[in-house]
Amino acid sequence: MPESDPSKPEIIVQGLAASQGIAYGQVFLFLQSDLELPSYQVDPDKRAEEVARFEHALLVTRGQIQKIRDEVEKNLSSNEARIFDAHLLVLEDQALIAETIREFENSGSNIETCFNAIAKRYIQAFSEIDDEYLRERSGDIRDVVQRVLSNLLGQAAASLSRLADKRIVVANDISPSDAAGIDRSHALAIVTDSGSRTSHAVIVARSMKIPAVVGTGNLVTRVKNGDWMLVDGYDGLVIVNPGEQTLFRYGKIERIKKSIEQRLFKANRQPSVTLDGVGVVLRANIEKEDEVALVKEYLGSGVGLFRTEFLYLSSQKIPTEDEQEAAYRKVAEQLAPAPVVIRTLDLGGDKPIAGAPSLFPREDNPFLGFRAIRFCLENTGIFKNQLRAILRASVVGNIKLMYPMISGSEELARANAVLDECRQELRSQGVPFDEMMPVGTMIEIPSAAYTVDILAAQNDFLSIGTNDLIQYLLAIDRVNNRIAHLYEPTHPAVVRTLRHIVEEAHRNKLKVSVCGEMASDPELVPLLIGLGVDELSMSPPLLPAVKYVIRAMTLADAKRLAEEALGKSTAREILALCGQFYRERVPLE
Ligand code: PEP
Ligand code: MG
């Protein structure tokens with residue numbers, strides 16, 4: 001580790017541990033506020049210089065975008081790199097450039113002011129066009145304009161997709177689309193002042209195997225670019241300017257944690273079976289097709305949750321049916337014969353498509369608003385594209401389809417009717433698909449949890465989304481860090497609801513999985529298994545620790561734990577029971 005600067009005081013900030021690991025490095029502050037543009041008149045004899053300055057900024061921007069494009073193509077895919085071709089085209093837009101120079105010649109105002117004014121008119125015009133593709137280009141133009149302006153001002157544009165070096169990303173918040181585009185080769189850790197353990201930026205950090213700490217209050221106002229920082233994703237600590245003692249201590253902690261991780265990783269080759277011989281299926285959650293490598297590395301039995309909206313968020317535009325089919329096929333083929341549960345779009349909430357503001361008007365309560373299946377049932381064109389893509393891909397591997405955010409049987413029937421229409425269309429076009437493809441529902445809204453008996457007939461399987469189920473049961477916004485301490489997975493209402501779902505599902509001969517973050521917490525896994533949950537699905541790097549606890553317990557003990565938990569009246573008591581159960585069986589640390 002590099003040496004720390006002893007002249008600076010150490011600042012320790014306690015946040016919430018969101019993704020495991022320890023990182024040490026320099027800060028990259030990600031601030032999304034608009035650039036402050038100076039406005040002044042340019043001397044008439046400096047006008048040629050001002051135009052040259054503009055042309056130079058365009059040139060520099062072109063070089064930057066080209067570099068990112070090449071890196072994205074190398075690290076992700078040529079598909080994802082294509083968005084940057086659109087960005088390069090904006091830089092070649094002669095109308096935009098010529099109009100800026102004309103404005104400058106007429107007004108004499110500095111070039112930033114002129115470029116900004118013309119670009120704003122452009123963006124406005126594009127966002128009003130009646131063609132979805134062109135409308136979405138306004139997002140590309142906005143992005144490029146920001147880059148050009150930052151180059152004119154000599155400032156680094158806030159962009160997570162092009163970190164110059166290995167950095168710890170510190171932000172007030174990171175939107176899912178920014179998180180999806182994060183520079184995976186250079187981000188050492190993610191720290192956000194807001195957010196919670198289940199916010200989607202955190203889910204992305206876990207899939208990247210980098211530490212994350214959230215809920216750090218006002219850290220962005222206390223650090224600057226280049227500050228040295230240590231991030232402890234195990235205990236949720238952030239230490240700015242760590243002293244030598246601290247670095248030494250953490251070096252040791254990191255070695256201990258690494259050795260535990262290695263032991264777990266080795267033990268992960270064993271089957272997922274309890275001491276009394278009961279198998280528990282462990283699957284992986286993924287956001288992108290290239291995470292299949294992680295699923296294999298950590299030996300997930302296929303994918304229990306493919307959050308397909310990330311395909312949309314990372315490209316900021318809606319992928320075509322063919323592009324989607326290719327992604328689903330690739331995952332299914334690589335993991336066959338293990339199943340891949342493809343969840344239909346869960347956009348909205350904290351995941352609007354940045355490039356398509358017209359599809360997601362601002363809402364006061366986005367988590368209670370136009371989200372997931374509600375969005376899909378009103379945008380059947382987009383929905384049907386995805387359903388057809390999934391059906392077409394279902395001829396390979398073992399694909400299952402799952403709907404998010406279903407609130408009751410009528411909504412589910414509407415979704416299934418659209419799916420049937422797609423089946424009919426494909427049949428009449430002679431396009432093959434798996435007629436028997438299983439279809440399931442996520443149980444993540446209380447109204448669905450308490451109508452499982454009614455929903456059962458319309459489903460082949462169920463999966464509990466505890467992230468949202470807890471949010472809606474306890475009325476705790478899952479991304480609001482002010483109330484994050486009230487987000488309690490062991491609240492008696494949560495435990496009782498889980499028991500109810502499992503009992504009703506089993507009574508109706510359906511298997512139940514849990515694919516929310518609760519499934520990846522080794523201390524809570526015995527409770528879930530004791531309540532009767534059949535399968536668990538989680539971020540791949542968390543699979544070994546979960547398998548370890550499963551192999552260290554009996555189902556009979558887990559059932560007793562669940563019974564005892566159901567008799568308790570507070571979240572704290574249930575958590576204590578789970579903690580004790582875990583420590584008695586996993587004396588790892
Ligand atoms: C959940 O709500 O638990 C879930 C798995 O879905 P998401 O986190 O994508 O909302
Ligand atoms: Mg959910």
Side-chain angles (χ1 to χ4, degrees), residues 18-19 174-177 179-180 195-207 212 214 282-288 291 300 303-314 340-353 366-376 400-407 411 415 440-449 461-480 484 487-489 491 494 497-498 501 512-521 524-525 528 533 535-540 542 546:
S19 176
I174 298 178
S175 72
S177 59
S196 71
R197 283 194 191 96
T198 61
S199 57
H200 290 92
V202 166
I203 290 168
V204 168
R206 288 200 194 124
S207 77
V214 299
L282 300 182
R283 305 198 200 281
N285 292 354
I286 61 168
E287 279 83 46
K288 290 185 172 180
E291 286 167 33
V303 167
L305 172 65
F306 185 170
R307 290 182 164 100
T308 56
E309 57 277 4
F310 280 81
L311 297 177
Y312 288 56
L313 292 168
S314 57
V340 173
V341 180
I342 302 179
R343 177 176 77 180
T344 61
L345 286 176
D346 187 358
L347 291 165
D350 65 337
K351 292 177 287 190
I353 307 181
F367 273 121
L368 298 179
F370 193 49
R371 184 185 162 189
I373 199 72
R374 300 168 186 178
F375 167 85
C376 286
K400 303 182 187 199
L401 181 148
M402 178 163 79
Y403 303 117
M405 292 283 293
I406 292 288
S407 63
E411 204 170 40
T441 289
M442 285 195 74
I443 303 296
E444 49 186 349
I445 298 184
S447 57
F461 64 94
L462 300 175
S463 187
I464 307 175
T466 45
N467 302 341
D468 278 312
L469 185 62
I470 297 169
Q471 141 165 285
Y472 296 127
L473 265 177
L474 305 183
I476 303 294
D477 180 344
R478 64 191 261 192
V479 296
N480 182 342
Y487 185 95
E488 295 173 314
H491 191 292
V494 175
T497 305
L498 292 174
I501 298 169
V512 194
S513 113
V514 172
C515 61
E517 300 312 297
M518 202 173 167
S520 63
D521 185 334
L524 301 183
V525 161
L528 294 178
V533 169
E535 299 178 3
L536 302 171
S537 191
M538 67 209 74
S539 174
L542 305 177
V546 168

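One is the number of the first residue; the rest follow in order along the sequence. Ligands are counted one by one from 1 in listed order, and the atoms in each one are counted from 1 as well.
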Query raised in the report: Does an N or O anywhere in Glu517 fall below 3.5 Å from an N or O of ligand 1?
Result: no
Report task. Pull out every atom of ligand 1 sitting under 4.0 Å from any heavy atom of Cys515, numbered as shown with elements. Result -> 5 (C)
Query raised in the report: Taking Asn467 for the side chain and Gly516 for the main chain, is one N or O donor matched with an acceptor at less than 3.5 Å?
Result: no
Query - Which segment of Leu305 sits under 4.0 Å of ligand 1 when only heavy atoms are counted - result: side chain
Requested in this report: Ignoring hydrogens and angles, tell me if any N or O in the side chain of Ser447 forms a donor-acceptor pair with the backbone of Ser407 under 3.5 Å.
Outcome: yes
Report task. Please answer whether the main-chain N or O of Asp346 pairs with a side-chain N or O of Glu309 as donor and acceptor at a distance below 3.5 Å. Result -> yes
Query raised in the report: Where's the contact between Met518 and ligand 1, heavy-atom distance under 4.0 Å: side chain, backbone, both or neither?
Result: neither
Query raised in the report: Is there a donor-acceptor pair under 3.5 Å between the side chain of Thr308 and the backbone N or O of Arg343?
Result: yes
**Report entry** Ser513 side-chain N/O to Leu536 backbone N/O, donor-acceptor pair under 3.5 Å
**Finding:** no
Report task. Measure from the Mg ion (ligand 2) to every N/O/S atom of Asp468 and report the name of the nearest one. Result -> OD2
Report task. Output yes when a side-chain donor or acceptor of Tyr472 lies under 3.5 Å from a complementary backbone atom of Leu368, and no otherwise. Result -> no
Requested in this report: Identify, by name, the N, O or S atom of Glu444 lying closest to the Mg ion (ligand 2).
Outcome: OE1
Query - Side chain Arg374, main chain Gly369, donor-acceptor under 3.5 Å - result: yes
Query raised in the report: When you look for heavy atoms under 4.0 Å from ligand 1, do you find them on the side chain of Arg307, its backbone, both, or neither?
Result: side chain
Requested in this report: Output the list of atoms in ligand 1 that are nearer than 4.0 Å to some heavy atom of Asp468, sorted by atom number.
Outcome: 1 (C), 2 (O), 3 (O), 10 (O)
Query raised in the report: Which of the atoms of ligand 1 are close to Arg371, meaning less than 4.0 Å from one of its heavy atoms?
Result: 10 (O)
Requested in this report: Verify, without hydrogens or angle tests, whether Asp468 (side chain) and Met405 (backbone) share a donor-acceptor contact under 3.5 angstrom.
Outcome: no
Report task. Decide whether the shortest distance between a heavy atom of Arg343 and an atom of ligand 1 is less than 4.0 Å. Result -> yes
**Report entry** Distance filter under 4.0 Å to Gly465 heavy atoms, resulting ligand 1 atoms
**Finding:** 1 (C), 2 (O), 3 (O)
Query raised in the report: Side chain, backbone, both or neither: which part of Asp346 comes within less than 4.0 Å of ligand 1 when only heavy atoms are counted?
Result: side chain
